[in-house]
Amino acid sequence: MQVTRATFNDVMVPNYNPAAMVPVRGEGSRVWDQDGREYIDFAGGIAVNVLGHCHPGLVSALTEQGNKLWHLSNVFTNEPALRLAKKLTDATFADKVYFANSGAEANEAALKLARRFALDNFGEQKSEIISFKQGFHGRTFFTVTVGGQPAYSDGFGPKPGDIVHSEYNNLEMLSEFISDKTCAVMMEPMQGEGGIIVPDLSFVEGVRALCDKHNALLIFDEVQSGMGRTGALYEYINLGVTPDILTTAKSLGGGFPIGAMLTTDNVAAALAAGTHGSTYGGNPLACAVAEKALDIINTPDVFEGVKRKEALFREKLHEINDKYRVFTEIRGKGMLLGSALSNDYQGKARDFMVAANEQNLMCLIAGANVVRFAPSLIIPDEDIIEGLTRFERGIASLVAK
Ligand SMILES: *Cc1c(COP(=O)(O)O)cnc(C)c1O
């Protein structure tokens with residue numbers, strides 16, 4: 001059967017507007033479309049393909065498990081899930097793990113856990129959730145309402161209640177909102193979708209202190225920042241500020257859908273048998289791939305490589321900007337970087353992405369004013385240099401218009 005981009009408009013719900021070309025194959029940081037055109041991938045499936053496309057280690061983990069056991073449900077546990085949970089708890093502050101299939105589901109579990117923990121330990125008056133403007137936590141109705149972009153949560157009827165939005169990097173405002181009625185504060189330790197916003201360390205430390213003062217749980221959404229992307233396994237390790245609950249997805253499966261919520265023994269106790277669940281959560285295929293991804297990523301070599309590649313990326317982006325003056329700032333950390341557009345190009349991030357695509361480069365945007373790069377953590381230096389050469393060509397064509 002012949003399918004093309006035009007088929008999308010015929011048979012797909014119109015909630016997405018994908019690019020004109022249809023990718024069919026990937027290898028490392030390169031992708032090929034239906035016409036055999038080759039692209040360099042700085043998008044990484046939106047910060048997912050953490051080891052590039054079809055990494056041999058992940059392919060063999062998937063095929064090995066694929067020949068053994070695909071699915072059981074949570075009526076039974078399975079070896080890949082148990083091994084992955086053991087490795088995640090060994091590598092982090094956490095004692096316990098809950099598996100889901102996506103970032104939104106991991107966050108949904110985190111929010112429900114925080115509400116139940118507060119109810120069990122303090123009473124029903126403690127139900128307020130505080131999160132931050134421009135934050136993003138997924139698209140289920142609870143998580144999208146906790147997210148800080150009303151445009152995403154409006155228009156679906158009455159929203160889940162008792163959710164307050166404060167300003168990111170504004171400790172003063174949070175200290176006015178937070179009280180003993182607050183059950184949790186949810187934040188990204190670096191905002192991704194909201195524009196690659198790196199918080200001040202004093203802000204993050206202050207959030208932790210305010211949560212302690214008011215017996216509120218601190219939830220770090222590391223769905224985008226986690227799994228080595230910022231040069232540590234999780235960004236909380238870089239910051240030296242430990243949450244009570246951490247959510248991880250995207251890069252966790254390196255392209256296979258999986259999410260996880262990590263927490264302490266004390267907090268986990270609130271999700272007693274029967275309180276929450278998922279048919280696919282802890283699926284053996286997903287856990288086998290994620291276990292392999294974790295084995296490969298959680299090494300000093302990979303983290304050092306991420307830092308070196310960040311420096312190369314920044315150097316080349318600054319060189320481009322010296323010529324074209326299109327960015328005000330290169331920000332972010334590790335392999336999650338954003339180029340903030342100058343005044344003349346406000347609202348035009350999508351034009352940059354399209355221009356890059358025309359030069360055979362895949363990249364992302366983070367809001368209307370930031371071009372985002374989330375490539376593989378092990379992207380070869382030659383691909384960074386060649387990709388940014390293509391990006392520069394895209395900018396040259398855009399600036400000439
Ligand atoms: C992408 C993202 C999510 C949602 O993950 P899905 O897998 O799309 O549900 C949640 N939080 C953050 C910080 C994200 O970047």
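Both counts, for ligands and for their atoms, begin at 1 and track the order of listing.
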If the threshold is 4.0 Å, N to carboxylate O, is there a salt bridge linking [X] and [Y]?
| X | Y | result |
| --- | --- | --- |
| Glu382 | Arg30 | no |
| Arg314 | Glu310 | yes |
| Asp295 | Lys87 | yes |
| Arg208 | Asp244 | yes |
| Glu193 | Arg372 | yes |
| Lys323 | Glu319 | no |

Can you tell me which residue and heavy atom of the protein come closest to [atom], and the distance to 0.1 Å?
| atom | value |
| --- | --- |
| atom 7 (O) of ligand 1 | Gly103 N, 2.8 Å |
| atom 11 (N) of ligand 1 | Asp221 OD2, 2.7 Å |
| atom 9 (O) of ligand 1 | Ala104 N, 2.7 Å |
| atom 10 (C) of ligand 1 | His137 C, 3.3 Å |

- request: Start with the C-alpha distance between Asp221 and Met187, add both sets of side-chain angles, then the distance that settles side chain to side chain contact (heavy atoms under 4.5 Å, CB included), and finish with yes or no.
  value: CA-CA 6 Å; Asp221 177 346; Met187 67 181 282; over 6 Å; no
- request: Tell me which one of Glu105, Met187, Glu188 gets a heavy atom nearest to atom 13 (C) of ligand 1.
  value: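 Nearest heavy atom to atom 13 (C) of ligand 1 lies in Glu188.
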Ligand-residue contact atoms, ligand 1 with [X], heavy atoms, under 4.0 Å:
| X | answer |
| --- | --- |
| Ser102 | 7 (O), 9 (O) |
| Asn107 | 10 (C), 11 (N) |
| Lys250 | 1 (C), 2 (C), 3 (C), 14 (C), 15 (O) |

- request: Give the contacting part of Thr143 toward ligand 1: side chain, backbone, both or neither, where contact means a heavy-atom distance below 4.0 Å.
  value: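 Within the 4.0 Å criterion, Thr143 makes no contact with ligand 1.
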task: Give yes or no for whether the N/O distance cutoff of 3.5 Å, strictly under, is met between Val223 and ligand 1.
output: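 Min N/O separation from ligand 1 is not below 3.5 Å for Val223.
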